[in-house]
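Down below is the structure, laid out as structure tokens.
All heavy atoms count here, side chains included; hydrogens, waters and symmetry mates do not. So that the names make sense, note that chain A is the first sequence line, chain B the second, and so on, each numbered from 1.
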Amino acid sequence: MLLSRLADVSGEVAAASARSRKTALLAELFREAEPDDVPIVIPYLAGRLPQGRLGVGWKVLSNRVPPAAESSLTVREVDARLTELGKLSGPGSQAERARLVGELMGAATEGEQRFLFGLITGEVRQGALDAVAVEGLAQATGAVAADVRRAVMLAGSLQTVAQALLADGSAALDRFRLTVGRPVLPMLAQTASSVAEAVGRLGACAVEEKLDGIRVQVHRDGDMVRIHTRTLDDITDRLPEVTSAALELAGERFILDGEVLSFGADGRPRSFQETAGRVGSRVDVAKAAQEVPVSPVFFDALSIDGRDLLDLPFDARHAELARLVPEPMRVRRTLVAGGEDIAEAEGFLAVTLARGHEGVVVKALDAPYSAGRRGAAWLKVKPVHTLDLVVLAAEWGHGRRTGRLSNLHLGARNPDGTFAMLGKTFKGLTDALLTWQTERLQELAVEDDGWVVTVRPELVVEIAYDGLQRSSRYPAGVTLRFARVVRYREDKAAQEADTVETLLAAHPEVRP
DNA sequence: TTCCGACAGTGGGGTCGCAAT
DNA sequence: ATTGCGACCCCACTATCGGAA
């Protein structure tokens, strides 16, 4: 298949607003694909590269190359070239990668270049990713969409399922069962604003500690242990303590879901930054493990002794978990009967926060494990802080925000009346607010370099955030975690905005 | 007819490892 | 030794479509 065909369809998908139309377009193309094209065409149209990482990003791609007049590239040729490119390493590899990218782009027409750019940077922006591709695949093969989706969750890969499905038809879907050693997409949580709201929505539930670390799925089959992240990357080699912990458990075959984090000598959890740095260390793992040891804390069991537990209700899965995993390695929790038990749940949240954790996750006792879904059966509750900050500048947006000022630079007051930038945010803005702030900020503009519009520091905005973290980038030595706009405070003057001093005082645990 | 679940889009900060400077 | 870049952890929120109620 020609790349130009793919690029054209991607463009049509982007232009279509109805999801059903997007699905139909993808299905048509999947039917056209020859068997050898399938493992390439399917991920490409789901906006992903089969190779995963290439070592090529926005920077290399932004070196413009004149496009070819005629399309000649096939998808298989593109795939072969990208595979070669991804293998490069060592001195001179970056220049060689850039050269190969230039060669590829030079062989591509303008439309193909656009498509390749989006594909490689992971920003196809066609309004269709995995979920729509699954629908299209089901439509192309006559399979039931829900069955395809389930197979993809269990295989952890759309591509694998697509190949089997196109080769052998719907019957192939039965082959994708939960298997120890093969990671499945983890179940995710939605956000609730309070424990009362969460318990109100769920009824009988468990309230569990929300630990601020790295999500892991641990598979053990005899002596073999594999550890996977949320995106199913294999990080076994980086976490020897977790492997040991899994081998100590009194079970030969299991899949457990949990969080890995580091505790200090005082027993309190280290900051997310410290845990994430440790888990990210790959070169001298022994040294990293000595300095920042990590522990797994499990909260769910997907499989034990060959029994698939996914469809069991959570209370039954937890009973299995409790039989296998002793308490320090199992998350702390409390059971709540329903709305009349709010005080118990709120007390548990308070204790959890006092112990230094992030918040709680409220989980319905009757819900199955919905692999790969961000369902309403798990609701996370974290305390939210707010500040009144001053807008120092704003950046022009991209995509559907093109032509609007989007990303705000936020400042807190210094003692001398100047402002210290604490970070940026683009979250929480409605279309109406985007329009309003674009106009208002341009009235205050003192400079526009085409990317950042610097403004007079007069506009006050209320910002919600989850906490402070240390920063080497910003002048106060700290930055806000997960900052988002709540509302503008036109009733407030910049001189009434919050100060760096009060911010630091509110988070004594974070010393810049 | 209205409501709501699921998705995609729009980017945030930090850290590590590698290659280039 | 330092810097720039890519990959990958953590993530909030809004708009939209289309099926459920």
Item to complete: Determine the minimum heavy-atom distance between A:L45 and A:S10, stating which atoms define it.
Response: CD2-CB, 4.4 Å
Closest approach to the side chain of [X], judged atom by atom: which nucleotide of [options] is it?
X      : options                : value
A:S93  : C:dC9, B:dA19, C:dT14  : B:dA19
A:K424 : C:dA12, B:dT10, B:dG12 : B:dG12
A:R373 : B:dG11, C:dC9, B:dA6   : B:dA6
A:S281 : B:dA6, C:dT16, B:dG17  : B:dG17
A:I214 : C:dA12, B:dG13, C:dC10 : C:dC10
A:R484 : C:dC10, B:dG9, C:dC13  : C:dC13
A:T479 : C:dA12, B:dG14, B:dC16 : B:dG14
A:S89  : B:dG11, B:dA19, B:dC7  : B:dA19

Discussion item. Pairing check on B:dC16: which nucleotide meets the Watson-Crick or G-U wobble criteria with it, both distances under 3.5 Å?
Written reply: C:dG6
Please check the phosphate of [N] (OP1 and OP2 only) for any side-chain N or O of [X] closer than 4.0 Å.
X      : N      : result
A:H398 : B:dG9  : no
A:S17  : C:dT16 : no
A:Q273 : B:dT15 : yes
A:R481 : C:dC11 : no
A:R470 : B:dG13 : no
A:T229 : C:dC9  : yes
A:K210 : C:dC11 : yes
A:N407 : B:dG12 : yes

Please check if any side-chain donor atom of [X] sits under 3.5 Å from a side-chain acceptor atom of [Y], or the reverse.
X      : Y      : value
A:T352 : A:E209 : no
A:S406 : A:R401 : yes
A:Y369 : A:D257 : yes
A:E274 : A:S262 : no
A:R404 : A:T435 : yes
A:T502 : A:T499 : yes

Practice prompt. Sequence neighbours left out, what passes ring-ring contact (aromatic ring centres under 6.0 Å, His included) with A:Y474? Give chain and number order.
Written response: none
Need one value for [X]: base, sugar-phosphate or nothing, where a base atom within 4.0 Å counts as base even if backbone is also close, heavy atoms only.
X      : answer
A:A18  : sugar-phosphate
A:R19  : base
A:V132 : sugar-phosphate
A:A276 : nothing
A:V485 : nothing
A:E123 : nothing
A:D233 : sugar-phosphate
A:K380 : sugar-phosphate
A:L54  : sugar-phosphate
A:T425 : nothing
A:S471 : sugar-phosphate
A:G213 : sugar-phosphate

Discussion item. Suppose we call two aromatic rings close when their centres sit under 6.0 Å apart. Are A:F419 and A:H409 close by that rule?
Written reply: no
Rounded to the Å, how far apart are [X] [atom1] and [N] [atom2]?
X      : N      : atom1 : atom2 : answer
A:K22  : B:dC7  : NZ    : C1'   : 11 Å
A:R97  : C:dG6  : CZ    : P     : 9 Å
A:Q126 : C:dC17 : CD    : P     : 16 Å
A:R401 : C:dA15 : CZ    : C1'   : 10 Å
A:R473 : B:dG12 : CZ    : P     : 9 Å
A:E259 : C:dC10 : CD    : P     : 7 Å
A:D212 : C:dA12 : CG    : C1'   : 15 Å
A:L49  : C:dA7  : CG    : P     : 9 Å

Using the 3.5 Å cut-off, write out each protein N or O paired with an N or O of nucleotides 19-21 of chain C and the distance between them.
none

Worksheet item: Donor-acceptor pair, A:E208 side chain versus A:V362 backbone, under 3.5 Å?
Response: no
Fill in: Residue whose closest nucleotide on DNA chain B lies nearer the 5' end, A:P91 versus A:L480
A:L480
Worksheet entry | Position toward the 5' end of DNA chain B (nearest nucleotide), A:G372 or A:D284 | A:G372
Item to complete: Using a 4.5 Å cut-off on heavy atoms from C-beta on, say whether the side chain of A:W378 contacts that of A:M187.
Response: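 Yes, their side chains come closer than 4.5 Å.
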Worksheet item: If each of A:K427 and A:S20 is mapped to the nucleotide of DNA chain C with the nearest heavy atom, which maps nearer the 5' terminus, i.e. the 5' end?
Response: A:K427
Discussion item. I want to confirm an ordering. Mapping A:F482 and A:G52 to their closest nucleotides on DNA chain C, which one lands closer to the 5' end?
Written reply: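 Checking each residue's closest nucleotide, the 5'-ward one belongs to A:G52.
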